[in-house]
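Down below is the structure, laid out as structure tokens.
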Amino acid sequence: MFKKIVATSAATCLALQIGLGAGVASASDIKGHWAESPMQHLIEKRVLAGEGNDMYFPNRNVTRAEMATFLVRALALSNASDAKKFSDVKADAWYADPIAIASSYGLVNGYEDGTFKPNQRITRAEMASMLVGGLRSAGMDVSKKAPLNFKDAAKIAGWSKPAIEIVYAYELMSGRNGFVFAANDFATRAEAATVIYNLMYVDPEAPERPKPGETTVKTLALSVDYNAALAAQAKANPKVDGGGKFVASAELVNYYMNPNNFGSNTAEYYQFIKLSSPIIGLNVDNVNRAILDGKGVLAGQAAAFVKAGQQHKINELYLISHALHETGNGSSELARGVRVGLDANGKATMVTPENEESLTDIKTTYNMYGVGAVDAGPVKFGSERAYEMGWFSVEAAIVGGSKFIRERYIDAGKDTLYKMRWNVERPGTFQYATHVQWATIAARNMQAMYVKTDAATTAVREFEVPVYRSQPAASALPAPELHYAVDTKLAGEFGIVFVEGMNLNVRSYPSAYATKLGELVNGARVEIVGANGGWYKVKYDASGKMGWVEGSYFVPESEIPTPPAPEDEGTGATAGSPDRLATLAGVQYGVSSDGIDTSWVEMK
């Protein structure tokens with residue numbers, strides 16, 4: 001790393017000169033800024049100085065004197081031998097020494113008239129030239145160059161083009177919004193801090209930078225056996241639906257888990273794209289117009305997603321895709337805001353009519369990525385986690401949630417949608433979602449966004465496709481009837497149909513939209529094969545044909561309370577007969593015990 005090169009130079013160890021982080025106050029005006037992380041690092045290292053009240057002015061233009069000073073401090077340079085003399089740099093000026101040191105190391109040059117113009121704002125082209133001086137002073141190979149494919153490449157002046165090619169190759173500088181370099185634009189203090197941070201930690205052996213629009217594909221050979229991984233995933237409560245109601249079958253898990261089922265010509269292939277780098281030059285206005293327009297609370301939030309991507313080094317279109325999926329296009333309750341307060345023990349607790357008066361410090365929380373929104377209570381647990389994380393605005397949830405994703409998943413090696421969903425190292429554990437289609441749905445959304453934003457032709461795309469041991473060939477998606485697991489705990493028991501004035505439809509799979517196979521009359525007693533998501537698979541005729549019925553109108557006999565022994569007056573029905581149970585249907589068994597919505601059931 002470059003830091004090691006600097007530490008062993010004649011300038012002495014960087015830590016000796018600027019490693020004085022203890023006691024440094026946090027900067028008040030960079031909190032939440034896209035360059036907060038590199039600026040805070042440089043503040044702690046005494047490279048970047050503030051101006052009273054902890055103000056660092058990230059959006060203010062940086063001067064030539066400031067840039068020279070930052071470089072000298074960052075590189076721990078000293079001993080200004082052979083320093084140039086500039087007519088406009090007075091010996092008692094605060095910047096006299098650092099400019100002298102910078103000139104002696106070849107970091108800076110003056111103008112033909114013998115001036116330095118210390119208070120003049122520095123352009124991005126001039127900044128690139130100074131950075132090359134920094135690379136050269138550390139013995140780096142400055143012959144390394146990368147082609148400039150920026151939209152404004154033709155406008156880059158000839159004198160600055162070689163320096164820009166070098167800093168771009170080393171990834172010290174990148175383009176601005178809209179994939180332009182903007183060589184003649186003035187640089188900000190935030191940009192200066194970012195490129196100096198990059199210079200301090202540049203990798204001298206970094207591979208050649210891919211060209212914009214270039215696509216690379218790598219395979220990831222896994223030591224995990226495919227069938228062992230499939231068995232683990234099938235036991236990890238995989239879900240057919242995003243709502244987490246129905247458990248998926250091993251057949252369905254097999255289809256979505258097998259990388260061979262998603263070729264490079266499919267949108268689902270984007271589940272293999274590496275997510276650990278932001279997209280260079282993503283146009284905020286284009287994203288707002290083409291992707292986020294009309295998307296609830298996410299409308300107009302492109303700048304927040306770009307900020308999150310730049311700050312935490314994550315693909316912005318992935319973040320948008322993830323947020324749109326988790327929030328139902330910005331319309332979910334967690335996205336629109338949920339009120340949470342602290343209980344008597346200081347624990348974050350979602351506000352309800354029953355507990356509101358007992359809670360303190362109530363705030364509206366937002367959660368865009370479903371962090372903590374477990375199936376057992378997504379709104380409750382997701383909002384309480386948001387409170388703990390301090391996500392009290394839409395932007396805070398977008399940026400803060402991306403930090404969580406970076407630390408908990410991408411930094412842990414789960415840097416593709418596929419690896420987030422299927423955890424190739426430890427299948428069935430610590431996975432972002434239970435929905436078997438989570439990765440493929442997000443991938444389709446990402447692919448569409450790449451096309452809409454022109455990122456498919458301007459952005460670097462790197463795909464990493466996992467390969468398990470004994471991985472099978474591609475296979476077709478199973479028929480819907482095979483999507484659902486069958487819990488056989490009640491197999492062999494009998495259950496009773498409870499409806500009045502209608503028959504209960506039998507479906508080919510547990511959905512009101514599935515093919516109707518037959519009907520069961522009120523009071524029918526049929527054998528149970530299994531269950532899933534509040535539905536029961538039953539044998540619905542004498543020949544043993546099987547289908548699914550909704551549990552709101554069907555009760556296993558083992559769950560029916562034993563009624564009193566005497567006969568009802570005037571009915572002649574015994575307590576345990578189907579007629580007796582049918583009489584009780586509207587009173588005791590009209591709705592299932594877990595409150596399943598009867599709108600899922602189509603009655604004749």
Side-chain angles (χ1 to χ4, degrees), residues 32-39 41 58 124 146 149-151 167-182 188 190-191 193-195 197-198 201-203 206-207 209-216 270 272-288 290-292 298 301-324 368-369 395 398-411 414-417 420 442-443 445-447 449-450 452-464:
H33 193 276
W34 65 265
E36 177 183 0
S37 180
M39 290 190 76
H41 183 82
R124 286 169 53 82
N149 298 95
F150 298 102
K151 292 180 180 178
V167 298
Y168 188 55
Y170 277 106
E171 301 188 16
L172 302 185
M173 295 182 70
S174 58
R176 279 184 168 178
N177 188 30
F179 199 59
V180 296
F181 188 80
T188 65
E191 289 177 319
T194 301
V195 300
Y197 177 88
N198 293 341
Y201 297 100
V202 69
D203 184 355
R209 186 167 188 151
K211 298 176 183 178
E214 185 174 308
T215 298
T216 59
Y270 272 72
F272 307 122
I273 197 168
K274 298 277 280 186
L275 306 175
S276 49
S277 299
I279 298 173
I280 297 173
L282 195 62
N283 188 292
V284 169
D285 294 333
N286 192 13
V287 172
N288 278 329
I291 298 175
L292 296 177
L298 298 179
Q301 292 290 339
F305 284 108
V306 170
K307 174 181 176 180
Q310 295 291 328
Q311 189 167 323
H312 301 299
K313 306 299 181 187
I314 307 178
N315 183 304
E316 296 93 337
L317 293 182
Y318 151 68
L319 291 174
I320 294 172
S321 172
H322 190 154
L324 288 173
M368 301 302 156
Y369 305 111
E395 180 178 333
I398 291 171
V399 178
S402 70
K403 181 175 184 289
F404 174 90
I405 292 169
R406 177 82 214 189
E407 294 175 346
R408 295 289 297 275
Y409 289 87
I410 293 179
D411 285 347
K414 300 177 183 68
D415 54 355
T416 67
L417 292 168
M420 282 187 181
N445 290 337
M446 279 191 68
Q447 188 270 347
M449 291 176 193
Y450 265 80
K452 290 179 180 179
T453 61
D454 295 327
T457 57
T458 62
V460 173
R461 293 174 298 169
E462 180 183 350
F463 295 88
E464 183 183 71

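Screening Ile320, Ile279, Val306 for a side chain to side chain contact (heavy atoms under 4.5 Å, CB included) with Val287, the sole residue that qualifies is Ile320.
Of all the heavy atoms in Lys452 and Asn286, the pair that sits closest is O-ND2, 3.8 Å. Scanning all heavy atoms of the two residues, the minimum distance from Thr194 to Ala35 falls at OG1-CB, 3.8 Å. Annotation for Val399 and Ala308: closest pair CA-CB, 3.8 Å, computed over non-hydrogen atoms. Minimum heavy-atom separation, Phe305 to Glu316: O-CG, 3.5 Å. Nearest heavy-atom pair across Arg406 and Ser276 is NH1-O, 3.4 Å. Here the closest heavy-atom approach between residue Leu317 and residue Met449 is recorded as O-SD, 3.6 Å.
Taken from NE2 in His312 to CG in Leu319, the straight-line distance is 9.5 Å, to the nearest 0.5 Å. Here Asn198 contributes atom CG and Tyr170 contributes atom OH; the two are 14.0 Å apart, rounded to the nearest 0.5 Å. The structure places CG of Leu275 at 10.5 Å from CD of Glu462, a figure rounded to the nearest 0.5 Å. Between atom CG of residue Asn288 and atom CG of residue Asn283 there is a gap of 9.0 Å, rounded to the nearest 0.5 Å. For the atom pair CG of Asn315 and CG of Asp415, the computed distance is 11.5 Å after rounding to the nearest 0.5 Å. In this structure, OH on Tyr409 lies 5.5 Å from CZ on Phe404, to the nearest 0.5 angstrom.
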**Request:** Begin from the C-alpha positions of Thr216 and Glu464 and carry the test side chain to side chain contact (heavy atoms under 4.5 Å, CB included) through to its verdict.
**Result:** CA-CA 9 Å; Thr216 59; Glu464 183 183 71; over 6 Å; no
**Request:** Carefully, step by step, assess Tyr168 and Phe181 under the rule ring-ring contact (aromatic ring centres under 6.0 Å, His included).
**Result:** CA-CA 10 Å; Tyr168 188 55; Phe181 188 80; 7.6 Å; no
**Request:** Take Ile410 and Ile314 through the test side chain to side chain contact (heavy atoms under 4.5 Å, CB included) and record every step on the way to the result.
**Result:** CA-CA 8 Å; Ile410 293 179; Ile314 307 178; 3.8 Å; yes
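In this structure, Tyr270 has its ring center closer than 6.0 angstrom to the ring center of Phe463.
At most 12 non-hydrogen atoms from other residues, nucleotides or ligands lie less than 6.0 angstrom from NZ of Lys403.
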